[in-house]
Amino acid sequence: MKVLTNNPKVLEQFHSYPAVTVDYRAVSLHELMVLVRDFVHARHRLLTHPLSGSVKPNETLYKSIGLTEQPEDQLCLESLNLIEQSISTVDRFARIRKDIKEEHHQDLQLVDLTLISSAIDSLAAAKPLPGTPPSGSSRLSST
Amino acid sequence: MRLELGYIHITDIRFGDASKVEDGVLYVNAEEVEALVLRDERITSVKVDMARPGESVRITPVKDVIEPRVKVEGPGGMFPGVISPVDTVGSGKTHVLKGAAVVTTGTIVGFQEGILDMSGVGADYTPFSKTNNLVLVIIPRKGLGSHEHEHAVREAGLKTAVYLGELARELTPDSTEVFETLPLTEGVKQFPDLPRVGYVQMLQSQGLLHDTYVYGVDAKRILPTLMSPTEVMDGAIISGNCVSACDKNPTYVHQNNPIVHDLFARHGKDLNFAAMIITNENVYLADKIRSSDWTSNLCAFLSLDGVIISEEGFGNPDTDLMMNCRKITDKGIKTVVITDEYAGQDGASQSLADAHESADALVTGGNANQVVTLPRMDKIIGSEEYVGIIAGGWDQNKHEDGTITVEIQAITGATSEVGFAHLSAR
């Protein structure tokens, strides 16, 4: 799974994880979603929901989204629809600006990390690859 | 499966030398509760406090709300697989301290928790302003990780609710209510001319502060399955989520799920309450496809005529909601979905992040972006420090006169998607 993320904690946690390629970009949440849409246009299929978690798009800076590692034969219209709807939702929330204090960045990164970890656990459970730790091991216990 | 709930009505809560219930008053020995909570070495200190309906008190940030209950007859104990050993619950007799609740508060992450006002306009939005609340302010050991911290707070609340529930064991209930579900074929024969209606409950299952547990199992790892609706009354489902507090189901709401209660109330009158199915709301899209396939197949297998689907949360779960609705409808089964809305502060925007034409019968729990100004409270239990940064709060929302302006998504239970609050629309 290719994980497109602007969350440094996800890069740190999964940069050498066998079944995952982390594509870290230091961009805004909106820019990240648009990059994901570019990948969908380039025939990658979404593997995780772009609106994961209940922290609203205008209350966080961080997002991690899973896509197929390689492009597929055809453009996935369901993926395109989902990312378009998600971008529209993000932009709608952005109209109400909320101040996100720097002291909470770490917590926001942690919550995003646990959300994408749950998807990576599902991936590992479904498609164990050589060298992949067993399901559940991607979850953090003490950070 | 037959369960009798015996209600002991609680009209007040006070500290006392001995924990007991007398003339409708719940007396609590705070030292015993402290000792119980502090048995967990992950917790450094706990402040035991109380909040009663009508008082000028704000509790925040709220993690969970739990109703004290005790099993007095039948297999298993309260919160099986978590506090009591794993055993099938939902039959026999259970006593309930109706009108009392345990509320946990603590800062697991520096944002995103609920407000519970016991009076003023905010009290109208949360059902837990009507209960006599024992509040635990929990301080963890320094350096404790967020997952462990969340687990410790969750367990402290459940253990305290069990402790209080035990006070009801030998009491004679003020009133009783009986709920019974029959095995499948007997259920069909019982009311053959009434439509067979099922309830699909979607459970939060995404990650830290976004999880739910079924008999102690993380709901992310379940396949959709059948439950007797009486099992939830004995604490088979517990909450580990509170982010965006308005539409998350605290454990109390699972214990008192109004959809379950209303379906029982109409069972044999205009419908045949045939089944309860639980499913999840995972982040991984293949999990969503599998779970919605499985859920719709179960509905068809049970020959249901109609299904009520309740969501928990917004965004990612909207996709599960629409998948469930579409696939169940495709089986020729009528559906009603229950959700809430994020329609903007003016209510003019698209309410959900996903949609499908099959979702043509929808009940709303209200618009979570609705703005409300809450009055100053004389007493804060927990900390108001987070009000500006919790969901629904924003910078400069604290005013000089002590009032605060928030979206109602900050208020615990305000837009309940199982209808446990008071908002809706026609």
Side-chain angles (χ1 to χ4, degrees), chain A residues 1 45-60 64-66 78-79 81-82 85-86 88-93 95-101 103-123 125-127 135-136 139-143, chain B residues 108-112 143-148 204-211 218 220-221 241-245 247-248 281-288 290 313-320 342-345 349-350 352-355 368-369 388-397 407 409:
Chain A
M1 175 159 68
R45 182 166 48 88
L46 277 177
L47 294 179
T48 69
H49 200 290
L51 297 175
S52 55
S54 300
V55 185
K56 297 298 176 292
N58 57 339
E59 294 157 2
T60 186
S64 304
I65 300 174
E78 285 178 5
S79 295
N81 190 33
L82 190 53
Q85 283 178 338
S86 301
S88 157
T89 301
V90 167
D91 291 349
R92 177 157 57 82
F93 274 89
R95 282 182 231 150
I96 307 163
R97 202 187 65 78
K98 293 186 183 174
D99 183 42
I100 302 169
K101 293 185 172 64
E103 66 211 69
H104 302 301
H105 288 193
Q106 295 280 329
D107 283 341
L108 291 164
Q109 290 172 10
L110 173 65
V111 168
D112 176 67
L113 172 63
T114 75
L115 296 170
I116 195 68
S117 297
S118 76
I120 290 169
D121 282 348
S122 287
L123 172 85
K127 291 181 186 172
S135 172
R139 224 167 293 150
L140 299 181
S141 57
S142 59
T143 54
Chain B
I108 292 164
V109 290
F111 61 95
Q112 293 286 336
L144 189 68
S146 302
H147 285 84
E148 285 293 306
Q204 266 290 318
S205 56
Q206 300 190 69
L208 177 65
L209 304 174
H210 292 75
D211 283 327
D218 184 340
K220 284 196 288 289
R221 304 268 77 92
N241 68 82
C242 57
V243 181
S244 206
D247 59 10
K248 297 302 154 29
E281 303 174 340
N282 288 11
V283 172
Y284 195 56
L285 294 174
D287 291 345
K288 293 182 184 304
R290 184 186 307 111
F314 164 84
N316 168 39
D318 292 352
T319 296
D320 300 275
Y342 283 80
Q345 293 188 347
S349 301
Q350 168 77 22
L352 298 176
D354 206 340
N369 292 130
I389 41 181
I390 53 178
W394 61 90
D395 202 20
Q396 293 158 352
N397 64 342
E407 293 179 359
Q409 61 164 309

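This structure is a prediction, so every number in the text was calculated from the model and none was measured. So you know, we letter chains A, B, ... as the sequences are listed, proteins then strands, and number each from 1.
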Apply the side chain to side chain contact (heavy atoms under 4.5 Å, CB included) test between A/His49 and each candidate in B/Asn316, B/Asn282, B/Asp318; give the one that qualifies. B/Asn316

Contacting moiety of B/Gln204, where chain A heavy atoms sit under 4.5 Å: side chain

Portion of B/Asp354 that has a non-hydrogen atom of chain A nearer than 4.5 angstrom: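 Contact with chain A involves both backbone and side-chain atoms of B/Asp354.
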
I need the minimum non-hydrogen distance between A/Thr89 and B/Ala353, along with the two atoms involved.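 Of all heavy-atom pairs spanning A/Thr89 and B/Ala353, the closest is OG1-CB, 3.7 Å.
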
Quick one: closest heavy-atom pair of A/Ser118 and B/Lys220, and the distance?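 Heavy atoms only, the tightest pair is CB-CD, 3.5 Å.
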
Separation of [Y] [atom2] from [X] [atom1] (nearest 0.5 Å):
| X | Y | atom1 | atom2 | value |
| --- | --- | --- | --- | --- |
| A/Thr114 | B/Gln206 | OG1 | CD | 9.0 Å |
| A/Asp107 | B/Leu209 | CG | CG | 9.0 Å |
| A/Asp91 | B/Ser349 | CG | OG | 11.5 Å |
| A/Leu47 | B/Asp287 | CG | CG | 11.0 Å |
| A/Asp112 | B/Leu208 | CG | CG | 11.5 Å |
| B/Leu352 | A/Gln85 | CG | CD | 10.0 Å |

Would you mind reporting whether B/His210 and A/Val111 have side-chain heavy atoms less than 4.5 Å apart?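 The answer is yes; the side chains approach within 4.5 Å.
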
Do the side chains of B/Tyr284 and A/Ile116 get nearer than 4.5 Å, heavy atoms only? no

A/Lys56/B/Glu407 under side-chain contact (heavy atoms from CB on, under 4.5 Å): CA gap, chis, key distance, verdict: CA-CA 12 Å; A/Lys56 297 298 176 292; B/Glu407 293 179 359; over 6 Å; no

Is it the case that the side chains of A/Ser122 and B/Arg221 hold a donor-acceptor pair, with the cut-off being a distance below 3.5 Å and no angle test? yes

Output all residues satisfying side-chain contact (heavy atoms from CB on, under 4.5 Å) with B/Asp247, sequence neighbours left out; order by chain, then residue number.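 For B/Asp247, the residues satisfying side-chain contact (heavy atoms from CB on, under 4.5 Å) (neighbours in sequence not counted) are B/Ser244, B/Phe314, B/Asp340, B/Tyr342, B/Thr415, B/Glu417.
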
Are the side chain of A/Arg92 and the backbone of B/Gln350 linked by a donor-acceptor contact shorter than 3.5 Å? yes

